[in-house]
Amino acid sequence: MRARLLAPVLLLGFGFAKLAPESLLTRVRQSANLHTAPVQISLRQNLSQMGFLAALSGFRAVVADLLWIQAHTAWENTDWGRMKLLLDTVTALQPRAVVFWDGAAWHMAWNASVSALENPAQPRLALRVKAQREFFRLGEDFLLRGIQNNPGRQELYNRLGMLYRDKFEDHARASDAFAACAALPNAPSYARRFAAYELSRVPGREAEAYQTLKKLFLEGEKNWLPTLFNRIRFLEEKLNVRPDERLRIPEGR
Amino acid sequence: MPTSTPLDPSVPVRHRWFSPARLLAIASNTLLELVRQKVFYFLLLFALLSIGSSLLVVQFTFQQQFQVLKDVSLGAMSIFSWLLAVLATAQLLPRDLEDRTLYTILAKPVPRFEYLLGKLGGVLLLLALSLALMSALFAGVLAWREQTQLALIQAATPPEDLEAAVQALRASTFTPSLGLAILTIFLRAAICASLTLLISSFATSSIFTVIVSVIAYIIGHIQPVARDYWLHSLPAGQGVSPLVQVFLGFVALFFPDFQLFNLVDEAAAGNTIPFPLFAQTSALGLGYAMVYTFLAYLFFSQKEL
């Protein structure tokens, strides 16, 4: 009898005692950006009942994987609408998994956009181009949301730079994205060069770009690649750099 | 003058209130009993899941392949360790009562808390052993897939990009955070085991124990989602009713927030888990396990046998 009275009191006492450490732990996780976003109630409409329960019960990663495989099947069937819905759900379930954001953006901006442009069911080119641009924007949206959830990961900035460079042909934003990528840990060594190359293509920023390319050139042979030399030569011509002030590019490069 | 040895029956041996040797004996016997129930057959299923998931997604990029492999394997570890913790603990006391082992043990000078700790220790040993075996299997499959991908990358990548490609591959496979994630799986299973022991100490059947444990596990995972929804996601103008606030407070006080022990998703995504965070999570988990075990002892000490 004594235990039946004492146990709830002790459990209640422990309940109060644990509130402070638990909220401290939540804050620590938030500051380390490790606080996984809670499963949104709105996800229920995109998941089966069991899937939703599994996601709520701590198995969201497995549910996300299953949906990712379904999205892959939708891609094979070029069912872009269903694929977008599935990719939204996958990234909502696993917002900290960079590969899903990256893969989702790639599918939208590279695969679906090409499919839209070559859509035989749409005879009007203007509408096909419009649809293509919409898929570029969907890809961009995935990357920007991915960056918001994973600000410390270079992969998404790298992909965003490629998207702006290859799809939007917006060299200023591409340069900014590659520069942001280069500033993060584990960034590929080409990110700094790519940022400078893209900057050299932005009208009005040639002088700034030339200084950046010059700095890369002076860092040594590790950066001496054909594109670097081509961009330097291009800017020297455009900026009318005096021949004696031009960089001495090795013969035959 | 004759001298007496410790084994001399004429010399009364003072009974110690706590004996690690007795605890170890009960724990090892519990482990043996559980192992005899052929619980390790689930490893076959785990191997099937692990290898199957890695083969199912060979058409994906290697980053996606490793993400799926890690998610499925770590998810399976979580499920199996949780099931083992709940099912193995739920049957400890009823089984000992049924086959009268409990009376034989407690008729000897074995304190009840020592008996309970020993039983829980046996389950924890089983969990540790199972997780170690699953981790070894998982590491084997991961290493195998890594070598396969490495061979493909070496064959298809230009020499100037090879170093970066290999670095990206390595970053997608083994990271120190994976080890910490597996330890948190053990921690979560240990909390579930001690919670099940607490329920089992006053429950009248093992079915009741299992059901209540499963419900407590689900509530523990859902409560942060429900709290977030009610407190932050309701449309403007819709205040939280006092009844809901009391309910949320009740749940937060009486149930563990299991989402705090979920570091697996982060590790699988390739993010680094800071060691201080892991240490704080472990301390909290240890606190839960100790309190639940103590409460189980309170009930068990009063139990009519």
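This structure is a prediction, so every number in the text was calculated from the model and none was measured. Letters go in sequence order (proteins before strands), and every chain restarts at 1. Reckoned from all heavy atoms, side chains included, excluding hydrogens, waters and symmetry mates.
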>> Using side-chain contact (heavy atoms from CB on, under 4.5 Å), reason through A/His72 and B/Gln64 one step at a time and then give a plain yes or no.
In response: CA-CA 11 Å; A/His72 189 81; B/Gln64 290 165 9; 5.8 Å; no
> Closest approach of B/Asn262 and A/Arg29, non-hydrogen atoms and distance?
Replying inline: O-NH2, 3.0 Å
> Is it the backbone or the side chain of A/Leu24 that comes under 4.5 Å from a heavy atom of chain B, or both, or neither?
Replying inline: side chain
>> If I measure from the heavy atoms of chain B, does A/Phe100 come under 4.5 Å with its side chain, its backbone, both, or neither?
In response: side chain
> Which atom names give the shortest non-hydrogen contact between B/Ala269 and A/Ala97, and what distance separates them?
Replying inline: CB-CA, 3.7 Å
> Checking A/Leu19 against chain B: side chain, backbone, both or neither under 4.5 Å from a heavy atom?
Replying inline: side chain
> Quick one: what part of B/Phe258 sits under 4.5 Å from any heavy atom of chain A, side chain, backbone, both or neither?
Replying inline: neither
>> Give me the atom names and distance for the closest heavy-atom approach of A/Val62 to B/Val72.
In response: CG2-CA, 4.5 Å
> Do B/Asp257 and A/Lys18 come within less than 4.5 Å of each other through their side chains, counting heavy atoms only?
Replying inline: no
> If contact means a heavy atom pair closer than 4.5 Å, which residues of residues 277-294 of chain B contact chain A?
Replying inline: B/Leu277, B/Gln280, B/Thr281, B/Leu284, B/Gly287, B/Tyr288, B/Val291, B/Tyr292, B/Phe294
> With a cut-off of 6.0 Å (strictly less than), are more than 12 heavy atoms of other residues, nucleotides or ligands near CD of B/Glu163?
Replying inline: no
>> Looking at every heavy atom in both B/Ser78 and A/Phe59, which two are closest together, and how far apart are they?
In response: CB-CE2, 3.8 Å
>> Report which part of A/Phe16 has an atom under 4.5 Å of a heavy atom belonging to chain B: side chain, backbone, both, or neither.
In response: both
> If only atom types and distance count, is the side chain of A/Arg96 paired as donor or acceptor with the main-chain N or O of B/Asp265 below 3.5 Å?
Replying inline: no
> Between A/Phe14 and B/Leu253, is a side-chain contact (heavy atoms from CB on, under 4.5 Å) present by the stated rule, with each step listed?
Replying inline: CA-CA 8 Å; A/Phe14 175 66; B/Leu253 287 176; over 6 Å; no
> Taking all atoms of both residues into account, what is the closest heavy-atom pair of B/Phe254 and A/Pro8, and its distance?
Replying inline: CE2-O, 4.2 Å
